[in-house]
Amino acid sequence: MSLTDQIVQYLVTGVSIGAVYGLVGLGLAIIFNATGVINFAQGEFVMLGGMCAVAFTGLGMPLIVAALLSIAVVTAVGLLVERLAIRALPRASIITLIIATIGASFVLKGGAKLLWGPEAVILPSFSGHAPLHIGAAGIDPQRVWVMGVALVSVIGVQLFFKYTLTGKAMQACAINRSAAQLVGININRMVSLSFGLSAALAAIGGIVLTPVTMMRYSQGATFTLTGFLAAVVGGLGNGIGAVVGGIMLGVLEALAGGFVDVATRGLIHSGYSKAIALAVALLILWLRPQGLLGRRERESA
Amino acid sequence: MSLLELRSVTADYEGLLALRGISLHANEGEITALLGANGAGKSTTLNVICGLLPTRSGQVRFAGEDISHLRPDRVVRRGLTQVPEGRLLFDDLTVRDNLLLGAYSRMRRESRRRIEEDIDGVCELFPILAEFADRRAGTLSGGEQQMLAVGRALMSAPRLLLLDEPSAGLAPKAVSEVFARIQALCRRGTSVVLVEQNVSAALKIADRGYVLEVGQIVLEGTAEELLANRDVQRAYLGKDYEEV
Ligand SMILES: Nc1ncnc2c1ncn2[C@@H]1O[C@H](COP(=O)(O)OP(=O)(O)OP(=O)(O)O)[C@@H](O)[C@H]1O
Ligand SMILES: [Mg+2]
């Protein structure tokens with residue numbers, strides 16, 4: 001296989017995993033905009049999405065039904081997290097609320113272990129395993145599913161914010177809470193909605209990714225951290241930035257995993273690919289603290 | 001009948017008393033001015049009325065009902081909203097979307113057509129808003145932003161509108177324009193509570209008024225009475241002892 005073919009292969013691998021980081025980052029941005037809180041349970045929604053889909057197909061449901069039901073269940077879990085970790089603490093500081101979401105992540109992880117055990121589970125590919133060929137590079141069709149579904153989801157979210165009244169109301173809430181209330185927007189409802197929407201996005205990512213990478217109860221934290229990094233690199237609070245950041249991290253990780261070991265003659269092991277992606281992300285933040293698409297923070301008077 | 005009534009309202013910021021028992025009323029169809037120095041508690045009073053800040057004791061009554069414990073989004077549905085200090089526009093959204101969201105509280109009950117008509121109505125009142133409909137609100141000039149803030153509040157079809165320093169930061173010409181609009185509004189049936197630093201301009205269009213000092217009402221009367229009052233003239237109209 002030529003170098004170009006290898007690069008194509010790693011790019012597909014990177015973009016597809018990155019797309020899921022992007023969905024997590026987008027969800028984090030939506031919640032951050034509505035509440036100022038970083039939801040550290042976000043990655044658990046990815047894990048739950050995958051786990052539920054496996055469980056429901058295991059009960060004999062057709063894939064599409066299992067997928068939709070999984071999204072619904074995870075959305076409900078997202079709403080529950082908002083009720084118990086955010087709304088139940090109306091006078092708490094942001095930092096307390098963030099810690100509450102970390103608590104929620106432990107509960108969800110523990111619950112998943114109880115329900116599904118410690119083993120990784122897998123979902124059948126949506127459309128078989130016969131690889132698609134671009135040149136000599138063979139591409140797992142499921143990765144095409146991941147990219148396609150993520151793209152449609154991101155576009156859907158953008159259309160929702162731009163064209164629907166509720167989407168605009170959520171933006172209004174993010175821009176100024178008092179003003180939003182003065183036009184009659186119920187802030188609590190918008191916050192719930194942000195958790196529901198973010199949980200659904202993460203679940204979608206988990207469902208389409210599970211046939212590729214399998215899913216385990218303990219995998220949520222990786223998604224949270226990489227998704228958080230994606231959101232910060234993209235410019236915290238900027239949804240598209242988070243998606244771009246996620247894809248960038250995914251691609252870096254894949255390329256590092258593929259080439260570093262050869263390029264450094266074995267000096268740096270490919271197992272360090274995540275660390276390399278992280279280092280590049282930090283470098284970007286060092287050069288551009290507001291993130292790739294973030295606006296420079298306004299000077300406070 | 002008075003549309004709005006405050007009965008010995010107190011309010012605090014984390015224990016620090018900002019309103020020390022305010023009693024006032026605003027009549028239907030009138031402009032009621034609320035005057036006072038910086039930090040007197042004018043904005044605090046408005047925020048308490050529309051539910052942004054909880055009362056510690058006392059009662060806020062609107063149209064004969066106790067609204068002291070209602071959330072702001074519920075208060076708006078009763079027909080009472082505020083143009084807040086600093087305008088607080090939705091900067092990243094277009095002028096049109098700001099107006100549309102202004103009608104958020106009516107969306108469930110009323111047809112989209114009705115609301116579109118009202119947007120046209122507000123644009124007639126402030127033609128500049130029609131011209132800039134697709135611009136981001138944050139890019140408007142101060143005067144234009146003030147008009148949009150008032151327009152957005154009007155979109156909730158309020159019976160009573162609270163205005164917090166609508167003339168702040170405006171050139172004299174824009175001030176007189178905004179005040180003329182407020183007067184026109186009132187004639188069309190929207191009652192107004194007007195907080196102002198520009199005391200002479202406010203009392204020219206107001207029917208009645210109150211003067212606030214450190215969280216208490218120290219003076220009340222008709223606009224004429226207040227304009228003729230020596231303390232008001234000295235403290236707010238910049239007249240010397242000799243002139244008075
Ligand atoms: N968010 C807040 N937290 C703590 N104290 C506040 C807050 N807002 C206002 N205060 C205090 O409450 C008092 C009344 O403030 P308020 O903003 O109501 O005054 P104001 O009459 O509107 O003044 P201005 O003319 O400057 O707008 C002041 O002493 C102010 O410092
Ligand atoms: Mg004020």
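Because the structure is a prediction, the values reported are computed rather than measured. Quick note on labels: first sequence line is chain A, next is B, and so on, each numbered from 1.
Taking the six-membered ring for Trp, Phe45(A) and Phe223(A) have ring centres at least 6.0 Å apart.
Contact count against chain B (heavy-atom pairs under 4.5 Å) is highest for Leu182(A) among Leu165(A), Ile187(A), Leu182(A). When the candidates Leu88(B), Val75(B), Asn47(B) are compared by the number of heavy-atom contacts under 4.5 Å with chain A, Leu88(B) comes out ahead. No other option in Leu100(B), Thr81(B), Leu52(B), Leu80(B) has as many heavy-atom pairs under 4.5 Å with chain A as Leu52(B). Comparing Val76(B), Asn98(B), Asp73(B), Leu89(B) by how many heavy-atom pairs each has under 4.5 Å with chain A, the most go to Asp73(B).
In summary, Arg96(B) and Glu116(B) engage in a salt bridge, as defined by a charged side-chain N under 4.0 Å from a carboxylate O. Ionic pairing of Glu65(B) and Arg61(B) is not present here: no N-O contact between side-chain nitrogen and carboxylate oxygen is shorter than 4.0 angstrom. Electrostatic pairing of Arg136(B) and Asp91(B) does not count as a salt bridge here, judged by no charged N lying under 4.0 Å from a carboxylate O.
In this structure, the portion of Arg189(A) lying under 4.5 Å from any heavy atom of chain B is its side chain and not its backbone. For a residue to count as touching a neighbouring chain, one of its non-hydrogen atoms must lie under 4.5 Å from one of that chain's; by this rule Met107(B) touches chain A with the side chain only. Neither the backbone nor the side chain of Arg78(B) comes within less than 4.5 Å of any heavy atom of chain A.
Put simply, the residue from Leu194(B), Leu162(B), Leu46(B) that forms a side-chain contact (heavy atoms from CB on, under 4.5 Å) with Leu34(B) is Leu46(B).
Using modelled atom types and a 3.5 Å distance limit, the side chains of Asn27(B) and Ser2(B) yield no donor-acceptor pair.
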